[in-house]
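Can you read through this structure? Questions will come right after.
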Amino acid sequence: MDLMNPALAGAAAGLGVAMPMGAMSVLLLQEAMRSRRAAVAGAAGIAVVDFAYAALATAVGPWVAASLAPVEAWVRLLSAAILLTIAAHGLRRHHRSPAPPGPAGTGAPAPGAAATPVATATATATTTARRAFTRYVGLTAVNPTTALYFAALTTAQGARIGTGPAGAAFVGGVLLASLLWQQLLAAVGSFAGSRISDAARTWTFRLGYGLIVLYAVKIALPLP
């Protein structure tokens, strides 16, 4: 069985939901400007939620698709409309919103911090990373857009990713793409700090939602 196609489809879906520079991406960049370790943990948290929603949608989506087989073409159109609505709403919200402010502080250590024992500093960093992971899991999980996005994709493509191996390849592609992108954001934020331009945010945001639009068009064709 050829698993490359569902894996690539999952990677494209993962990038489509991860790349738009929304609130979570900005928060992650700002986290990286303060603490790279916390940002890496937060990035993993976001990717885990993307994976969980993709797995749930993949498990349920094909069953829903089989039940709606007589009106499959109209289901594809509805799914494409949902994706286009997500993209349009995100782009409109980004266009209306002002550029997000930079981090309040530089993260410089307080006077006397150099005297902190190494063991205590390591324990504090570990605790901070765990809290960041938990916080980003929670913030991403309460966003219904991610769940709706994957539900629309998997329902429309149930026949192609309905089998176990294909579904696993799809979900694995989502996890890998989302994790790599979020970790890239963490690395960029840590390296570039506050020097990331608003133009770079804008074009990355547009590219991410552009992927969603392309996916919607692919799902909708051929028309009924």
Side-chain angles (χ1 to χ4, degrees), residues 10-54 90-91 93-95 97-114 116-143 145-146 149 172-212:
L15 289 177
V17 75
M19 286 183 68
M21 292 289 288
M24 295 305 300
S25 297
V26 173
L27 286 174
L28 189 61
L29 285 168
Q30 293 181 345
E31 190 82 56
M33 294 173 193
R34 294 187 292 268
S35 168
R36 181 172 182 177
R37 186 167 185 173
V40 167
I46 295 174
V48 164
V49 175
D50 288 346
F51 166 78
Y53 275 143
L91 289 170
R93 183 178 56 190
H94 177 73
H95 179 71
S97 300
T106 61
T116 303
V118 174
T120 302
T122 301
T124 301
T126 301
T127 301
T128 300
R130 288 175 180 171
R131 288 177 178 173
F133 178 85
T134 303
R135 183 169 70 253
Y136 279 87
V137 164
L139 289 173
T140 308
V142 298
N143 181 6
T145 301
T146 303
Y149 171 81
V174 169
L175 175 62
L176 183 61
S178 178
L179 182 61
L180 289 177
W181 178 257
Q182 305 299 348
Q183 295 295 344
L184 177 62
L185 281 183
V188 168
S190 178
F191 175 76
S194 59
R195 290 174 290 181
I196 298 175
S197 67
D198 292 338
R201 290 194 191 102
T202 298
W203 281 107
T204 306
F205 186 94
R206 290 172 179 171
L207 179 60
Y209 276 114
L211 281 175
I212 296 179

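Keep in mind that this is a model prediction, so the values were computed, not measured.
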Calculate, to the nearest 0.5 Å, the distance between atoms CG and CG belonging to Leu175 and Leu180 respectively. 9.0 Å
Tell me the salt bridge (charged side-chain N to carboxylate O under 4.0 Å, His left out) pairs involving residues 173-192, sequence neighbours left out? none
Any heavy-atom pair between the side chains of Gln182 and Leu28 that's under 4.5 Å? yes
If I take atom CG from residue Leu15 and atom CG from residue Leu176, how far apart are they, to the nearest 0.5 angstrom? 9.0 Å
Using the side-chain contact (heavy atoms from CB on, under 4.5 Å) criterion, which residues pair with Val48? Sequence neighbours excluded. Phe133
Within the side chain of Ser190, is there an N or O that forms a donor-acceptor pair under 3.5 Å with the backbone of Ala186? no
With sequence neighbours excluded, residues passing salt bridge (Lys or Arg N to Asp or Glu O under 4.0 Å) with Arg135: Glu31
For Ala44 against Gln183, the heavy-atom pair lying closest together: N-NE2, 3.8 Å
Are any side-chain N or O atoms of Thr140 and backbone N or O atoms of Tyr136, one a donor and one an acceptor, separated by less than 3.5 Å? yes
List the atom of Ala54, the atom of Val174, and the distance in Å for their closest heavy-atom pair. CB-CG1, 3.9 Å
Using every non-hydrogen atom in the two residues, find where Ala41 and Ala132 come nearest and quote the distance to one decimal. CB-CB, 4.5 Å
